[in-house]
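To find a chain, count down the sequence lines: A is the first, B the second, and so on, and within it residues start at 1. All figures in this text were calculated on a predicted structure; none of them were measured in a lab.
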Amino acid sequence: MDILIQTIGDIINADLGSPLAAFIALLLVSLAILGFMSLTAGGLSFIERRVAGRMQSRIGPNRVGPQGILQFMADGLKCAQKEDLIPDGADRLLFKLAPVLCFIGVFGTFAVLPWGNGFFASELNVGLLYLMSVTSLVVIGMLMAGWSSNNKWSLLGGMRSAAQMVSYEIPVALSLLPVILLCGSLSFKELIGAQGAMPWDWNILNSPFTFISFFIFFLAALAEGNRTPFDIPEGESELVAGYCTEYSGLRFVFFFFAEWANLYVIGAVAAAVFLGGGHLPFGLESDIVSLLVFFAKSFFMVFIIIWLRWTLPRFRVDQMMTLCWKTLIPLSFVMLFGQAITLLIYHELTFLQSIVSLVLFAICVLVGVKFVSRVLVNIKEQKYKMMHTLTGS
Amino acid sequence: MGLGNYFKDIKAGLTSAFEGMSISLASLFVRPVTVQYPDVDVKSDEAMRENYNGPLRGMPDNYRGLLDVDLEICISCKLCEKACPIDCILIEDVKIDKKQIVGRNGKSTMKMKSPIQFDIDNSKCMFCGLCVDPCPTGAIVHTNEFEFNRSDRSQLISRFVKADDRAQLKVRGAEIAIEDAKAKAEKAAKKKAEAEAKAKEEEEASKDQSEAKGTKE
Amino acid sequence: MVKEELKTEYMTINMGPQHPSTHGVIRFVIKTDGEIIHHCEPDVGYLHRSIEKIAELMPWQSFIPYTDRVDYVAAMNANWSYCMAVEKLAGIEVPERAEYLRVIVSELNRISSHLVAIGAADMDMGAYTPFIHALRERESINDLLELICGARLTYNYMSLGGVRFDAPPLFKEKTLAFLDHFEPVHEQIHRLISDNHIFQKRFRKVAVVSADMAKKYNLVGPNLRGSGVKFDVRKDEPYSIYDQLDFDVPVGKGFEGVVGDCYDRYIVRAEEIRQSVRIIRQCFDKMPEGDIAAKVKRVLKPPAGHIYVRTETPRGDAGYFISCDGKTSPERVKIRTGSFTAMSIIPELAKGLFIADLVAVIGSFDIVAPELDR
Amino acid sequence: MSPIYARMSEVVLNIDVVLNIVKDELGLDLVQDESAIEGSSLVVPSESLLSVMEVLRQHEKLKFRVLMSQTGVHRGEDMLLFYHLHSYEFSHTICVLCVVPAEGGEVDSVSCIWSGADWLERETFDLLGVHFKGHPNLRRIMMPEDWEGHPLRKDYKMPTEYAGIDNTPCSLEKLDD
């Protein structure tokens, strides 16, 4: 059931049976989503800059608003005031259309994204399939932007992005297949419903195969979202700014809007499909709580993406393609078959699943502990031992 | 590429990313090194100690900032003007009444001349400090002032001699020049007179001698 | 039916002078076949300031601040080369304490310069965090050098016959405290980026310069040692007090690929940082008390003749050729720098590389544009 | 200090050895350049520069495989060209001086012997106006293509304007009141 539409319908107190009321309700829903998306994208841009700043021993934007929280609004306003330049010799129609397409590609995904355990803008039974196909629009947008700019760097960026995105759609889809196999559905509602509250009940820890599938999905989704280490289409040290070199003002904002919103999409899909959606243990289930839990999980994934970006260098274009075709795709096939076989075994030996899940969970905890200890060592090394006794200049 | 290499690749990628991420996360918890400059008084030791973790506290004594000239002890020797590699110093001077001054290095010197124009073009100055080294009295020094943005390039020229002083010095200088000229003329006249007297004496002496000779003969 | 043949042509791309990764203002005209470079023509001279011409108009001492500007990333080392050349020309003896101070500041400067080189190479690869971590440490070195000479970048610290300022009180303590802090952080930066698998993949087996090729093109310094030639002016033609100091000369051994690839050049710089730390510690142990500068006439008139002096700067040996006709200013100063020769090898190296590799090559050669153009 | 490093001061290249080698190989009588303050230096006539350089590079007692620096000095009527060679095998250096007339001076390019000479000679051409015969790509390198004159020559006049940009130096002016 389309709960959001229902809710809106309740609020405006209309009979959803009539076409006009349904249209108004839909419009309101999409406006709400647009508002959410802009806030998320803007907020993420702020969070990313602050996190990046702290990871690089600097502060990041902290001037506009308390702790710089309104920085994204200032940036948006600034960009809105900029002159809208279209380069001489550019294909004007395509040049104007490209950012819109990119934006639509990301905006469309919000139609099926879950907002918690029971919230959906529209609950499609082919939700994942829809999501995969609608994000392909972004490729066309970037290719158009690169081609129409009449700039060779843009063209190179556009070509790279086309090659990259077309290739990485395959591992994204393939790595989702084991989970689909497990849950037997493409609908987000059922994917979430099939998982439990505790970590070992999540899809990711179901078997080693889903575990690895998660990483494949994560990497491939990074590549689709143009994030480091796969930010090859816009790698500024190589291609100036890639496909969006010639864009300015609001059109440029559209691209970056799409990019940051896409971050959230990646996080949300990962949270819904692999990380147990909005479930909470100990029977604390309620709509609002599941909403919060879901957001927390999505934003944690987003944080990891940001964190990765400010840690890793960038692949070279051929290495990126090698990684896709020679590593991720074969691996995801193996995972698919492995999961199929595992399912058969689990069917025979039901207790095995919980043992495997617990073992995987234990491994995760161990790795986490190791990680924390490394972090502590590194913190100790980085701190400058102040010489308070030696104050002479 | 064998299967072994394939897994080695994946393992190397994962472990190095693991370590890298632990380092970038670590810096998330370490205080940033940024000094938020206009908010923090960078010249003060205390403020810098609170806001910056590095070896520097405040500004060092020999910081090479904006040049400053102490005209009281400047003896207008023009060594700085000669030392400047880019000719951004211009000095014009007049003679003044002799004055005993004590330089920054503690040595006392006689001040005979004073600049009536001492300009430094800060838009050209590269703060190399070569003008400071040869100064015999320590009149020209670097301050630790580094904020000297101006709206106009002509305002970047620091003129150390004020217009009033310049006028005064010029008047006094002219007087001294006249006095000097007078003194010189007097001296010259005196010298001349002396020379004449000497010549006369010599003449007389020779006369005397010849007379003496004459008498002898 | 007219059969149209498919025609392909090379795409000419203008990379620079305002491209983000050309380390200053260098321009490359590259002809590419898609992503692969077919022909690369460097176009230098955007930062040409006629420093050699300026030298002819200057008294001998006044040219020292200009040598700062030759290579502003390692100004101390450039100072030193010029001073040493003039001192040899005029027969000026430098006091021992001044020599130690010179070694300390130029090794500190070498560390900071290599940190920039390493950081810039990382940034060209898309890793920003290591770059800023490297610059954070460099900032501390700038603080130390500011403490001793009052400037942060263009030091003008050395004078003919010695140095201009003595080490202030606590300079030793602060420097040693910094080194204690720096050594683990330096290792940390390496764990962060040099050991990174993606980074290694980008750098290894890319743009291999064999030892013969390096000699033919006269690569110098870390670029030469990256190709496996063990030559360091500090060891092989020791000047100053380097023969009394104990340090190693790192050479490229094909750490992650073949000898002479980008990764070798990169890691040689990293190793040199460790050696510089060793040198500074030794210098502080051995530094005597005494004068910091010899008495030099204000108007210097060296005897006529010519001299070619080289010292090891972070970008290889900087050769200062000075011709003197016995006047108060040089007749001709020629500055032979490492970046210039490193740049001349790029057209040959770039053939067949990816555009992204060209960026890696520039980063690994550590080209500094003002030094290239002078 | 470890003994594997040959110190330059210990392995001093005897200039007579070089002169003898050149005489044996080419039958040329060369003279030593006395104006060098440090190290050995020899004068080579411009017409036999290429063959002498070839000998210096190839001879197994010399093996000057590296051209460290190439430059010129404009002195009166003459253009003095300096070539600084180095050998990593023996760790010795030598300076080769070649004098050509300043006006219309020509000399053989050594870029066929050392590839690194390519850019060095381009720079000398650009700044001093020496023409190198047989150079593959003798164009301006530092100055713009349409620049007039060669800046490092002693008779060079500073231009007051380039491409419409005023180039007169600004300096402080004396006050007059």
Side-chain angles (χ1 to χ4, degrees), chain A residues 50-63 68 212 215-216 218-219 222 228-229 303-313 315 319 322-323 326-328 330-331 334 367-368 370-393, chain B residues 1-65 142-146:
Chain A
R50 281 305 288 252
V51 168
R54 287 306 295 270
M55 280 181 177
Q56 300 174 348
S57 302
R58 21 182 209 99
I59 294 171
N62 68 342
R63 294 278 150 179
I212 294 172
F215 286 100
I216 297 172
F218 185 62
L219 276 182
L222 276 187
T228 315
F303 172 72
I304 290 185
I305 295 171
I306 291 173
W307 181 8
L308 264 179
R309 169 166 182 186
W310 298 106
T311 306
L312 295 180
F315 276 106
Q319 288 166 350
T322 316
L323 179 77
K326 286 189 177 166
T327 307
L328 295 185
L331 205 60
V334 172
V367 171
K370 173 96 200 307
F371 187 76
V372 169
S373 72
R374 286 303 306 162
V375 170
L376 290 177
V377 168
N378 288 322
I379 288 178
K380 210 176 151 197
E381 277 179 6
Q382 256 184 42
K383 274 192 180 151
Y384 199 93
K385 283 122 209 147
M386 305 267 274
M387 298 189 306
H388 284 298
T389 48
L390 305 172
T391 53
S393 56
Chain B
M1 193 167 118
L3 207 60
N5 264 346
Y6 176 84
F7 285 115
K8 228 187 254 170
D9 240 25
I10 293 176
K11 190 186 160 235
L14 285 181
T15 48
S16 63
F18 178 86
E19 180 63 32
M21 286 177 83
S22 82
I23 291 167
S24 49
L25 190 69
S27 26
L28 205 60
F29 298 112
V30 179
R31 205 155 58 94
V33 293
T34 312
V35 177
Q36 302 204 49
Y37 154 58
D39 299 349
V40 175
D41 181 11
V42 290
K43 288 176 185 165
S44 113
D45 273 12
E46 297 301 315
M48 281 295 276
R49 192 180 308 146
E50 245 170 54
N51 285 287
Y52 174 59
N53 39 2
L56 188 72
R57 306 277 176 265
M59 286 173 102
D61 298 338
N62 59 351
Y63 182 79
R64 299 212 299 257
H142 281 291
T143 57
N144 63 2
E145 184 57 53
F146 58 90

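- Contacts of A:Leu331 with chain B are made by both backbone and side-chain atoms, with heavy-atom separations under 4.5 Å.
- Ring geometry, B:Phe146 versus B:Tyr63: the interplanar angle exceeds 60°, so the pair is classed perpendicular (tilted spans 30 to 60°).
- Across B:Leu28, B:Ile23, B:Ile10, the residue that shares the most heavy-atom pairs under 4.5 angstrom with chain A is B:Leu28.
- Atom-to-atom distance recorded for A:Gln319:CD and A:Thr327:OG1 is 11.0 Å, nearest 0.5 angstrom.
- Of the two parts of A:Val367, the backbone and the side chain both hold a non-hydrogen atom closer than 4.5 Å to a non-hydrogen atom of chain B.
- Options A:Val377, A:Thr311, A:Leu323, A:Leu376 differ in how many heavy-atom pairs under 4.5 Å they form with chain B, and the most are formed by A:Thr311.
- Judged as a ring-ring contact (aromatic ring centres under 6.0 Å, His included), and not counting sequence neighbours, the contacts of A:Phe371 are A:Trp307, B:Phe18.
- Here the shortest heavy-atom pairing between B:Val30 and A:Arg54 reads O-NH2, 3.4 Å.
- Under the rule for a salt bridge (Lys or Arg N to Asp or Glu O under 4.0 Å), the partners of A:Arg63 that lie at least two apart in sequence or sit in another chain are B:Asp39.
- Using a 4.5 Å cut-off between heavy atoms, A:Ile59 contacts chain B through both its backbone and its side chain.
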